[in-house]
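For the single chain, residues carry numbers from 1 onward in sequence order.
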Amino acid sequence: MRNQIILYDNHYLSMEAFCCFLDSNGYNKKFDYLHTSDFQELPEMITNQAEIAIINVCGVPSNDALEMPEKLLAKNPQLKIIIVSSSPEVKVIKKFFEKGVKSFLTKTTDGVEFVHAMTQVLEGKVFLTEDTKNALYNFICNVENIEEPDPLRTEALTVREKEVLRHICEGLRTREIADELFISPHTVESHRRNIMQKLEVRSSSMLVKFAMSHKLVS
(Lines give C-alpha, C1' and ligand atoms only; values in the text may rest on other atoms or scores of the structure.)
Protein backbone atom coordinates (compact mmCIF):
# COMPACT_ATOMS: atom_id res chain seq x y z
CA MET A 1 0.00 0.00 0.00
CA ARG A 2 1.32 3.45 -0.95
CA ASN A 3 1.75 6.24 1.54
CA GLN A 4 -0.83 9.01 1.57
CA ILE A 5 -1.02 12.78 1.31
CA ILE A 6 -3.92 14.10 3.40
CA LEU A 7 -5.49 17.32 2.13
CA TYR A 8 -7.96 19.71 3.73
CA ASP A 9 -9.50 22.80 2.18
CA ASN A 10 -12.99 24.14 2.84
CA HIS A 11 -13.41 24.92 -0.87
CA TYR A 12 -13.74 21.71 -2.84
CA LEU A 13 -12.80 23.36 -6.14
CA SER A 14 -9.57 24.69 -4.61
CA MET A 15 -8.78 21.22 -3.31
CA GLU A 16 -9.29 19.66 -6.75
CA ALA A 17 -7.03 22.31 -8.28
CA PHE A 18 -4.40 21.53 -5.66
CA CYS A 19 -4.56 17.82 -6.49
CA CYS A 20 -3.89 18.74 -10.13
CA PHE A 21 -0.89 20.80 -9.00
CA LEU A 22 0.46 17.82 -7.05
CA ASP A 23 -0.06 15.59 -10.10
CA SER A 24 1.86 18.03 -12.30
CA ASN A 25 4.83 17.74 -9.93
CA GLY A 26 4.78 13.95 -9.90
CA TYR A 27 3.47 13.28 -6.40
CA ASN A 28 0.77 10.95 -7.78
CA LYS A 29 3.52 8.51 -8.80
CA LYS A 30 4.42 7.86 -5.17
CA PHE A 31 1.42 8.88 -3.08
CA ASP A 32 -2.32 8.36 -2.90
CA TYR A 33 -4.42 11.41 -2.04
CA LEU A 34 -7.12 11.54 0.61
CA HIS A 35 -8.99 14.82 0.84
CA THR A 36 -11.88 16.36 2.71
CA SER A 37 -13.68 19.66 3.04
CA ASP A 38 -14.90 18.70 6.53
CA PHE A 39 -12.30 19.88 9.05
CA GLN A 40 -13.55 17.64 11.86
CA GLU A 41 -13.14 14.60 9.62
CA LEU A 42 -9.36 14.96 9.47
CA PRO A 43 -8.48 12.77 12.51
CA GLU A 44 -10.54 9.90 11.08
CA MET A 45 -8.42 9.95 7.92
CA ILE A 46 -5.10 9.44 9.68
CA THR A 47 -3.58 5.95 9.49
CA ASN A 48 -0.03 4.63 9.50
CA GLN A 49 0.04 5.18 5.72
CA ALA A 50 -0.52 8.94 6.14
CA GLU A 51 2.87 10.57 5.55
CA ILE A 52 2.02 14.23 5.21
CA ALA A 53 -1.03 16.41 5.89
CA ILE A 54 -1.52 19.74 4.12
CA ILE A 55 -4.12 21.80 5.94
CA ASN A 56 -5.48 25.15 4.75
CA VAL A 57 -6.74 26.73 7.97
CA CYS A 58 -8.24 29.79 6.27
CA GLY A 59 -11.72 30.19 7.74
CA VAL A 60 -11.08 27.71 10.56
CA PRO A 61 -11.47 29.11 14.12
CA SER A 62 -8.03 29.64 15.66
CA ASN A 63 -8.58 27.32 18.63
CA ASP A 64 -9.80 24.50 16.40
CA ALA A 65 -6.87 24.97 14.03
CA LEU A 66 -4.32 24.93 16.86
CA GLU A 67 -5.81 21.81 18.43
CA MET A 68 -5.79 19.79 15.21
CA PRO A 69 -2.01 19.01 14.96
CA GLU A 70 -2.03 17.31 18.37
CA LYS A 71 -5.08 15.24 17.40
CA LEU A 72 -3.43 14.10 14.17
CA LEU A 73 -0.05 13.36 15.74
CA ALA A 74 -1.77 11.33 18.44
CA LYS A 75 -3.07 9.06 15.66
CA ASN A 76 0.28 8.94 13.81
CA PRO A 77 3.35 10.45 15.56
CA GLN A 78 5.36 10.18 12.30
CA LEU A 79 2.90 12.38 10.38
CA LYS A 80 4.38 15.55 8.89
CA ILE A 81 2.07 18.57 8.88
CA ILE A 82 2.12 21.66 6.66
CA ILE A 83 -0.17 24.53 7.61
CA VAL A 84 -1.37 26.98 4.97
CA SER A 85 -2.82 30.29 6.18
CA SER A 86 -3.55 33.77 4.89
CA SER A 87 -2.98 35.29 8.34
CA PRO A 88 0.71 35.10 9.29
CA GLU A 89 0.36 36.32 12.88
CA VAL A 90 3.69 35.48 14.47
CA LYS A 91 2.26 34.33 17.81
CA VAL A 92 0.01 31.88 15.97
CA ILE A 93 2.91 30.64 13.82
CA LYS A 94 4.99 30.04 16.95
CA LYS A 95 2.15 28.06 18.56
CA PHE A 96 1.77 25.87 15.47
CA PHE A 97 5.45 24.94 15.55
CA GLU A 98 5.19 24.20 19.26
CA LYS A 99 2.34 21.81 18.37
CA GLY A 100 4.66 19.88 16.05
CA VAL A 101 3.96 21.19 12.52
CA LYS A 102 6.84 21.09 10.05
CA SER A 103 6.04 24.13 7.92
CA PHE A 104 3.80 27.21 7.88
CA LEU A 105 3.07 28.69 4.46
CA THR A 106 1.29 31.96 3.72
CA LYS A 107 -0.57 33.49 0.77
CA THR A 108 2.77 34.72 -0.66
CA THR A 109 4.00 31.14 -1.17
CA ASP A 110 4.25 30.26 -4.85
CA GLY A 111 4.46 26.85 -6.54
CA VAL A 112 8.25 26.69 -6.52
CA GLU A 113 8.47 27.47 -2.82
CA PHE A 114 5.72 24.98 -2.04
CA VAL A 115 7.54 22.16 -3.83
CA HIS A 116 10.71 23.10 -1.92
CA ALA A 117 8.74 22.99 1.35
CA MET A 118 7.34 19.56 0.45
CA THR A 119 10.83 18.24 -0.29
CA GLN A 120 12.22 19.47 3.03
CA VAL A 121 9.26 18.29 5.09
CA LEU A 122 9.18 14.84 3.49
CA GLU A 123 12.84 14.52 4.50
CA GLY A 124 11.79 15.16 8.09
CA LYS A 125 13.09 18.72 8.19
CA VAL A 126 11.39 21.95 9.20
CA PHE A 127 10.80 24.45 6.40
CA LEU A 128 10.53 28.17 7.11
CA THR A 129 9.91 30.78 4.45
CA GLU A 130 12.14 33.83 4.74
CA ASP A 131 9.16 35.92 5.85
CA THR A 132 8.29 33.43 8.57
CA LYS A 133 11.90 33.08 9.67
CA ASN A 134 12.35 36.86 9.97
CA ALA A 135 9.02 37.29 11.75
CA LEU A 136 9.89 34.63 14.33
CA TYR A 137 13.37 36.07 14.84
CA ASN A 138 12.02 39.60 15.32
CA PHE A 139 9.41 38.29 17.73
CA ILE A 140 12.07 36.56 19.82
CA CYS A 141 14.21 39.71 19.81
CA ASN A 142 11.29 41.84 20.96
CA VAL A 143 10.12 39.57 23.79
CA GLU A 144 13.56 38.64 25.05
CA ASN A 145 15.29 41.82 26.15
CA ILE A 146 18.58 40.41 27.39
CA GLU A 147 22.22 41.33 27.58
CA GLU A 148 23.97 39.08 25.13
CA PRO A 149 26.96 37.04 26.34
CA ASP A 150 30.47 37.34 24.97
CA PRO A 151 30.55 35.84 21.41
CA LEU A 152 33.97 34.38 22.20
CA ARG A 153 32.24 31.89 24.50
CA THR A 154 30.92 30.15 21.38
CA GLU A 155 34.41 28.77 20.84
CA ALA A 156 33.81 26.54 23.87
CA LEU A 157 31.07 24.61 22.04
CA THR A 158 32.02 21.14 20.88
CA VAL A 159 31.29 19.89 17.36
CA ARG A 160 28.40 17.79 18.67
CA GLU A 161 26.96 20.73 20.61
CA LYS A 162 27.04 22.83 17.45
CA GLU A 163 25.16 20.08 15.60
CA VAL A 164 22.51 19.99 18.33
CA LEU A 165 22.29 23.79 18.29
CA ARG A 166 21.72 23.81 14.52
CA HIS A 167 18.86 21.34 14.84
CA ILE A 168 17.32 23.34 17.69
CA CYS A 169 17.33 26.42 15.49
CA GLU A 170 15.68 24.40 12.71
CA GLY A 171 12.79 23.78 15.07
CA LEU A 172 13.35 20.06 15.64
CA ARG A 173 12.10 18.53 18.86
CA THR A 174 14.29 16.51 21.22
CA ARG A 175 13.22 13.13 19.82
CA GLU A 176 13.76 14.32 16.23
CA ILE A 177 17.25 15.63 17.06
CA ALA A 178 18.06 12.32 18.71
CA ASP A 179 16.97 10.43 15.59
CA GLU A 180 18.98 12.72 13.31
CA LEU A 181 22.19 12.34 15.33
CA PHE A 182 21.69 8.70 16.41
CA ILE A 183 21.85 9.57 20.09
CA SER A 184 19.37 9.29 22.96
CA PRO A 185 16.88 12.04 23.88
CA HIS A 186 18.58 12.22 27.28
CA THR A 187 21.90 13.00 25.57
CA VAL A 188 20.22 15.71 23.48
CA GLU A 189 18.86 17.37 26.62
CA SER A 190 22.28 17.11 28.25
CA HIS A 191 23.85 18.88 25.25
CA ARG A 192 21.10 21.53 25.37
CA ARG A 193 21.82 22.27 29.03
CA ASN A 194 25.57 22.48 28.38
CA ILE A 195 25.07 24.82 25.42
CA MET A 196 22.80 27.13 27.42
CA GLN A 197 25.27 27.14 30.31
CA LYS A 198 28.22 27.97 28.06
CA LEU A 199 26.35 30.74 26.23
CA GLU A 200 24.77 32.03 29.45
CA VAL A 201 21.19 31.95 28.20
CA ARG A 202 18.13 30.93 30.20
CA SER A 203 15.64 29.64 27.62
CA SER A 204 15.45 27.97 24.22
CA SER A 205 14.11 31.13 22.59
CA MET A 206 17.06 33.14 23.92
CA LEU A 207 19.35 30.39 22.64
CA VAL A 208 17.90 30.65 19.12
CA LYS A 209 18.21 34.43 19.21
CA PHE A 210 21.88 34.25 20.24
CA ALA A 211 22.71 31.59 17.64
CA MET A 212 21.10 33.54 14.78
CA SER A 213 22.45 36.95 15.77
CA HIS A 214 26.01 35.53 16.00
CA LYS A 215 25.63 33.46 12.83
CA LEU A 216 26.29 30.18 14.61
CA VAL A 217 23.80 28.54 12.25
CA SER A 218 23.10 29.15 8.58
Side-chain angles (χ1 to χ4, degrees), residues 4-12 14-15 18 33-48 50-109 113-114 116-118 120-144 167-177 179 185 192 203-209 212:
Q4 300 163 342
I5 294 177
I6 310 299
L7 302 168
Y8 166 77
D9 195 300
N10 60 3
H11 293 288
Y12 199 83
S14 297
M15 192 157 48
F18 193 70
Y33 308 150
L34 294 181
H35 49 75
T36 182
S37 56
D38 181 351
F39 189 71
Q40 298 305 326
E41 188 182 4
L42 274 171
E44 301 172 13
M45 302 169 65
I46 303 302
T47 66
N48 289 337
E51 183 160 352
I52 187 166
I54 304 166
I55 306 172
N56 185 347
V57 297
C58 297
V60 178
S62 295
N63 287 341
D64 291 345
L66 285 167
E67 290 174 358
M68 186 56 71
E70 287 184 324
K71 292 180 180 179
L72 303 186
L73 290 169
K75 297 288 291 291
N76 180 354
Q78 304 305 315
L79 180 70
K80 305 167 184 72
I81 302 173
I82 294 178
I83 296 294
V84 180
S85 174
S86 62
S87 179
E89 184 181 346
V90 68
K91 289 184 179 180
V92 174
I93 296 173
K94 185 172 180 289
K95 287 180 180 178
F96 270 118
F97 280 108
E98 290 171 350
K99 298 288 186 180
V101 308
K102 291 294 187 182
S103 185
F104 187 99
L105 306 178
T106 67
K107 60 184 179 181
T108 62
T109 299
E113 186 170 53
F114 178 82
H116 185 45
M118 284 283 286
Q120 295 290 301
V121 170
L122 285 169
E123 291 177 355
K125 300 176 182 177
V126 170
F127 178 82
L128 297 175
T129 64
E130 284 301 316
D131 288 345
T132 301
K133 190 183 299 182
N134 291 334
L136 288 171
Y137 174 66
N138 290 333
F139 175 78
I140 291 171
C141 289
N142 288 334
V143 300
E144 301 287 1
H167 287 309
I168 291 172
C169 292
E170 288 174 349
L172 298 189
R173 292 172 289 181
T174 297
R175 168 60 67 179
E176 293 169 327
I177 296 173
D179 291 343
R192 188 196 300 267
S203 69
S204 292
S205 60
M206 294 164 67
L207 179 60
V208 172
K209 175 187 175 182
M212 295 183 68

Any side-chain heavy-atom pair of L42 and I55 under 4.5 Å: yes

Apply the test ring pair (Phe, Tyr, Trp, His ring centres under 6.0 Å) to residues F97 and F104: give CA-CA distance (whole Å), side-chain angles for both, the deciding distance (0.1 Å), then the verdict. CA-CA 8 Å; F97 280 108; F104 187 99; 7.1 Å; no

Heavy-atom side-chain contact between V208 and I168 under 4.5 Å: yes

To the closest 0.5 Å, what do you measure between CE (M45) and CD (Q4)? 8.0 Å

Is it true that, when you exclude K125 itself, more than 12 heavy atoms of the residues, nucleotides or ligands shown sit nearer than 6.0 Å to its NZ? no

Please find the pair of heavy atoms, one from A117 and one from F127, that lie closest to each other, and give the distance. CB-CD2, 3.4 Å

Flag side-chain contact, heavy atom, 4.5 Å: K75 against T47: no

With the side chain counted from C-beta on, respond yes when D64 and V57 share a heavy-atom pair under 4.5 Å apart, and no when they do not. no

Mind checking whether I52 and I81 have side chains closer than 4.5 Å, heavy atoms only? no

Looking at I6, V84, I83, which hits side chain to side chain contact (heavy atoms under 4.5 Å, CB included) with I54? V84

Looking at E123 and K102, does any basic side-chain N land under 4.0 Å from a carboxylate oxygen? no

Tell me whether R173 is salt-bridged to E176, with the criterion being a basic N under 4.0 Å from an acidic carboxylate O. yes

Under 30°, 30 to 60°, or over 60°: which ring-plane class applies to F114 and F18, parallel, tilted or perpendicular? perpendicular

Taking every heavy atom of L72 against every heavy atom of A53, the minimum-distance pair comes out as CD1-CB, 4.5 Å

